[in-house]
2 protein chains.
Amino acid sequence: MQAAMAINSLNRPHPSLIPTRSEVGRSDVDTAGKAGCGDCVLGKLCLPRIFTSLSQDSVRGHLNSLVRQNKALLKRKDVLFHQGHEFDSLYVVRTGAIKTVMLDENGTEHITGFHLPGDIVGLDGISTSRYATTAIALDSTSVCTLPFAALEKVASQVPDVQHHVFRIMAQEIQKDQHMMLTLGHRSAEQRLAGFLLRLSQHFQHRHLAADSFRLPMSRGEIGNFLGLAVETVCRILTRFQKIELLQTDGRSVSQLDIAGLKALMSTPVREL
Amino acid sequence: MQAAMAINSLNRPHPSLIPTRSEVGRSDVDTAGKAGCGDCVLGKLCLPRIFTSLSQDSVRGHLNSLVRQNKALLKRKDVLFHQGHEFDSLYVVRTGAIKTVMLDENGTEHITGFHLPGDIVGLDGISTSRYATTAIALDSTSVCTLPFAALEKVASQVPDVQHHVFRIMAQEIQKDQHMMLTLGHRSAEQRLAGFLLRLSQHFQHRHLAADSFRLPMSRGEIGNFLGLAVETVCRILTRFQKIELLQTDGRSVSQLDIAGLKALMSTPVREL
DNA sequence: CCGCTAGACTGATTTACATCAAAACAAGGC
DNA sequence: GCCTTGTTTTGATGTAAATCAGTCTAGCGG
C-alpha cells in the first residue's frame with residue numbers, strides 16, 4: 001500500500017477510495033477516471049494522448065471517446081487479463097505497476113516484463129488473438145483500455161496512427177531483444193545494475209527523482225525476471241550498498257549512483 | 001558452399017551463378033528473380049504472398065510489383081543492412097540463411113536471431129528508423145525487399161494488410177519473449193535442445209526433413225546466440241550423440257530424436 | 001604440396017551462481 | 001496482543017558452465 005504511494009507521487013485517488021474487485025469487467029462503466037486524455041497526468045508520454053493531438057477532428061473525437069470510456073482500477077494482485085484468454089484490448093498503465101507472467105509447459109512462472117505508468121500491456125496477444133501472458137497488478141494500479149479492433153479501425157483511417165502503432169510494437173521488439181542480450185551475455189551484477197538503471201531512467205523521463213524511488217516488485221520477482229535466484233539479488237544489492245552504489249530500505253532505493261552503475265555495465269563483458 | 005545446398009534443397013540458382021558483390025545496392029535492378037510472388041518456392045509461407053491473394057485487384061498489382069522489383073542475392077558474409085544505417089525496407093528470406101548481429105556499447109557482438117526462408121528481417125529498424133542490428137548472410141542467400149514506406153501505404157489502404165503486418169510484428173514479440181524465457185530459465189542442454197527443435201520445426205513446416213538437416217551457422221554462433229561458450233555447445237552436442245539423440249557430421253545433423261529432445265525440454269526446470 | 005588459419009572437439013581447472021538451511025523481520029488476521 | 005505467512009537477508013556447500021590450454025581436422029592460398 002505504501003509501496004504504491006512512492007512509485008509515483010501523482011494526483012491519484014487515495015487508496016481507500018479504490019473499489020475492491022478481483023477482476024475488471026468489460027461491461028461495467030468505470031467512473032473513476034472521468035477526465036479525458038487531456039487531463040491525464042501522463043501528458044505527452046501516453047500513446048492515446050498523441051492520437052488526440054492529431055489534426056483531424058473526427059478522428060480525435062472518436063479516439064478520445066474510445067479511450068476515455070473505461071479506466072480500470074486494480075488493486076494489488078488483481079488480474080488485468082489472463083494468459084490464453086481471448087485478446088481484445090491493449091492497456092496503458094496510468095498509475096501503479098503491472099507485471100506480465102508467462103506460465104510455461106511445465107507450469108513454471110516466468111515474468112516477461114514490468115510495466116510502469118505510460119507503458120503499454122497486451123501486445124503479446126495480437127499475434128494469436130489470445131493473451132500470451134497474465135497481467136497482474138503489483139500495486140494499486142489504474143489503466144486505460146484501448147480496444148484493439150477500434151484501434152485498428154482508426155489506424156487504417158489515419159496513417160499517423162498506424163505509423164505510431166507500428167512504432168510502439170517495434171519498440172517492444174527492440175526492448176525484448178535488448179533483454180535477450182542482457183540475459184545471454186551479462187553477469188548477475190550487470191543485470192541488476194542495468195535493471196536499476198532502466199527503472200531510474202523511466203522515473204527521470206517522467207520528471208520524478210532518478211536516484212531515489214520505490215521498487216514495485218519483490219526481490220523474488222526481480223530475480224525471476226533477470227534469471228537469478230532471490231539470494232543472488234539480495235547479495236548483490238547488499239554488495240552495491242557496501243560499494244556505495246545505492247542505499248536500500250525494504251523496497252525503497254535511494255542515493256543511486258547512476259554513473260557508478262553505468263561504469264559497472266560497461267567494464268567486464270563476458271566473451272562468448 | 002555445400003552448407004548452402006543442404007539447408008533447403010529448393011530449385012535455386014547454382015552457387016556458381018551467384019554474382020559477387022559485398023553489399024546490395026538499392027538502385028540496381030536485380031534480374032535474378034524475375035518471377036512474381038506466384039512462382040515463389042515459399043508459396044503460402046511468405047508474407048507478400050498473402051497480400052497477392054487479396055481480393056482487390058488494384059492493391060494486388062501494386063504490391064506484386066512492389067515486391068517483385070528487387071530480389072537481392074547475397075553470398076556468405078555479405079551484409080544486407082548495417083546497424084545504425086537508415087531503415088527503409090524489410091526483407092523476406094527466400095533461400096539461404098541470415099544472422100542478425102547487435103554490437104553493444106562495449107563492442108561485443110551478440111547474435112539476436114537466425115533467419116531462414118520465409119522469415120522476415122529488419123523489423124528492429126521500425127521504431128527508430130535505423131536498423132538496430134546488422135544482417136549478415138550465413139550462406140548464399142536470396143531475399144525479397146519490402147520497402148516499408150510503400151508497405152505502410154498499402155497497409156493503410158487495405159485493412160487486411162494492416163492486420164497482417166500487426167500480426168507479423170506481434171509474432172516477433174512473442175518469439176523474442178520466448179527466447180528471453182529460454183535464456184533466463186533454462187540449462188545449457190535445454191537451450192540447445194530447444195534450438196534444434198525450433199530448427200527442425202522450421203524445416204518440417206517447409207516440407208523438408210525434420211530429423212536431418214544442415215546447420216547454417218557455426219558452433220560459435222550457436223553459442224553466442226544461446227548465451228553459451230563454444231566448448232559447452234560442442235560438449236553437449238557430443239553428449240547428445242552418446243545418448244543417441246542425434247548424429248552430427250560437421251554442420252549436418254541427422255537422426256534427430258525429436259521426442260527425446262522434447263522430453264529433455266520438459267523435465268528438469270530451474271526454479272528461480 | 002605444404003604451411004596456414006578457422007573451426008571442432010576434449011580435458012583440467014576455476015568460478016559464478018544455485019541450492020540448501022536458517023534467522024530476522026514485516027504485515028495482516030484473529 | 002500473538003500467530004501465521006511471506007519477504008529479506010546471511011552463511012555454507014555444491015555444481016553447471018566458463019575459462020584455459022591444448023589437439024585435430026578441413027579448407028585455402030601460396
Side-chain angles (χ1 to χ4, degrees), chain A residues 1-5 15-16 20 75-77 99 108-109 136 138-139 182-193 214-242 246-253 264 267-272, chain B residues 1-4 15 76-77 99 108 138-139 182-193 214-242 246-253 264 267-272:
Chain A
M1 199 117 271
Q2 17 48 315
M5 299 310 294
S16 62
T20 59
K75 58 189 204 331
R76 201 171 122 71
K77 297 204 175 176
K99 67 172 171 182
T108 328
E109 279 198 356
I136 303 170
L138 292 169
D139 271 323
T182 300
L183 293 172
H185 295 264
R186 323 207 73 123
S187 70
E189 267 192 1
Q190 290 181 316
R191 293 185 206 184
L192 202 50
R214 210 149 209 292
L215 300 169
M217 70 296 280
S218 73
R219 306 284 194 268
E221 287 165 330
I222 295 175
N224 182 302
F225 179 59
L226 296 177
L228 302 170
V230 204
E231 296 94 322
T232 308
V233 175
C234 281
R235 270 187 259 270
I236 290 175
L237 240 28
T238 57
R239 206 183 306 163
F240 280 177
Q241 288 188 77
K242 284 201 189 108
L246 53 81
Q247 292 304 312
T248 64
D249 174 24
R251 292 193 178 182
S252 48
V253 175
L264 216 162
T267 16
V269 191
R270 278 207 297 165
E271 202 73 57
L272 292 184
Chain B
M1 197 117 271
Q2 23 41 321
R76 201 172 122 71
K77 297 205 176 176
K99 68 170 171 183
T108 327
L138 292 169
D139 271 323
T182 301
L183 293 171
H185 295 264
R186 326 209 67 124
S187 70
E189 266 192 4
Q190 291 181 316
R191 292 184 207 185
L192 203 48
R214 208 150 211 292
L215 301 168
M217 69 296 280
S218 72
R219 306 284 195 269
E221 287 165 330
I222 296 175
N224 182 301
F225 179 59
L226 296 178
L228 302 170
V230 204
E231 297 94 322
T232 309
V233 175
C234 282
R235 268 188 261 270
I236 291 175
L237 240 28
T238 57
R239 207 184 303 163
F240 281 177
Q241 289 188 76
K242 284 201 188 107
L246 53 82
Q247 292 304 312
T248 64
D249 175 24
R251 290 192 178 184
S252 48
V253 175
L264 217 163
T267 14
V269 191
R270 278 208 293 164
E271 203 73 56
L272 290 184

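Side-chain atoms are counted along with the backbone in the values below, which use heavy atoms only and exclude waters and symmetry mates. Protein chains get the first letters and strands the later ones, always in sequence-line order, with residue 1 at the start of each.
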Under the rule for side chain to side chain contact (heavy atoms under 4.5 Å, CB included), what residues qualify as partners of B:S252, not counting sequence neighbours? B:R214, B:D249
Taking salt bridge (charged side-chain N to carboxylate O under 4.0 Å, His left out) as the definition, give me every residue that meets it alongside B:E231, ordered by chain and number, with sequence neighbours left out. none
Closest of D:dT19, D:dT7, C:dA8 to the B:R219 side chain is C:dA8
Restricting to non-hydrogen atoms, name the atom on B:C234 and the atom on B:R219 that form the minimum distance, rounded to 0.1 Å. SG-CG, 4.3 Å
Please determine whether any donor N or O and acceptor N or O are separated by less than 3.5 Å between the side chain of A:E189 and the base of C:dC17. no
In whole Å, I'd like the distance from the CG atom of B:L192 to the P atom of C:dC9. 11 Å
Check this one for me: any side-chain N or O of A:R251 less than 4.0 Å away from OP1 or OP2 of D:dT8? yes
Examine the base of C:dC9 for any acceptor or donor lying under 3.5 Å from a partner atom in the side chain of B:E231, and report the outcome as yes or no. no
So, for B:R191 and B:G227, which heavy atoms are closest and what is the spacing to 0.1 Å? NH1-O, 3.5 Å
Can you list, by residue number, the residues of residues 232-241 of chain B that have a non-hydrogen atom closer than 4.0 angstrom to DNA chain C? B:C234, B:R235, B:T238
Shortest non-hydrogen separation from A:H185 to B:N224 and the atoms involved: NE2-O, 2.9 Å
Looking only at non-hydrogen atoms, find the nearest pair between A:V233 and A:L192 and report the distance. O-CD2, 3.9 Å
Scan nucleotides 13-16 of chain D against the protein and return all N/O pairs shorter than 3.5 Å with their distances rounded to 0.1 Å.
none

Between the first and last five pairs of the helix from C:dC1-D:dG30 to C:dC30-D:dG1, the angle of the axes, rounded to 10 degrees: 40°
Scan B:L228, B:L264, B:T232 and name whichever one has a side chain to side chain contact (heavy atoms under 4.5 Å, CB included) with B:E189. B:L264
Give the minimum heavy-atom separation between B:L183 and A:G184, together with the two atoms involved. CD1-N, 4.2 Å
Sequence-distant partners of B:Q247, side chain to side chain donor-acceptor pair (under 3.5 Å), two or more places apart: none
Let me know the distance between CZ of A:R214 and P of D:dT8, rounded to the nearest Å. 11 Å
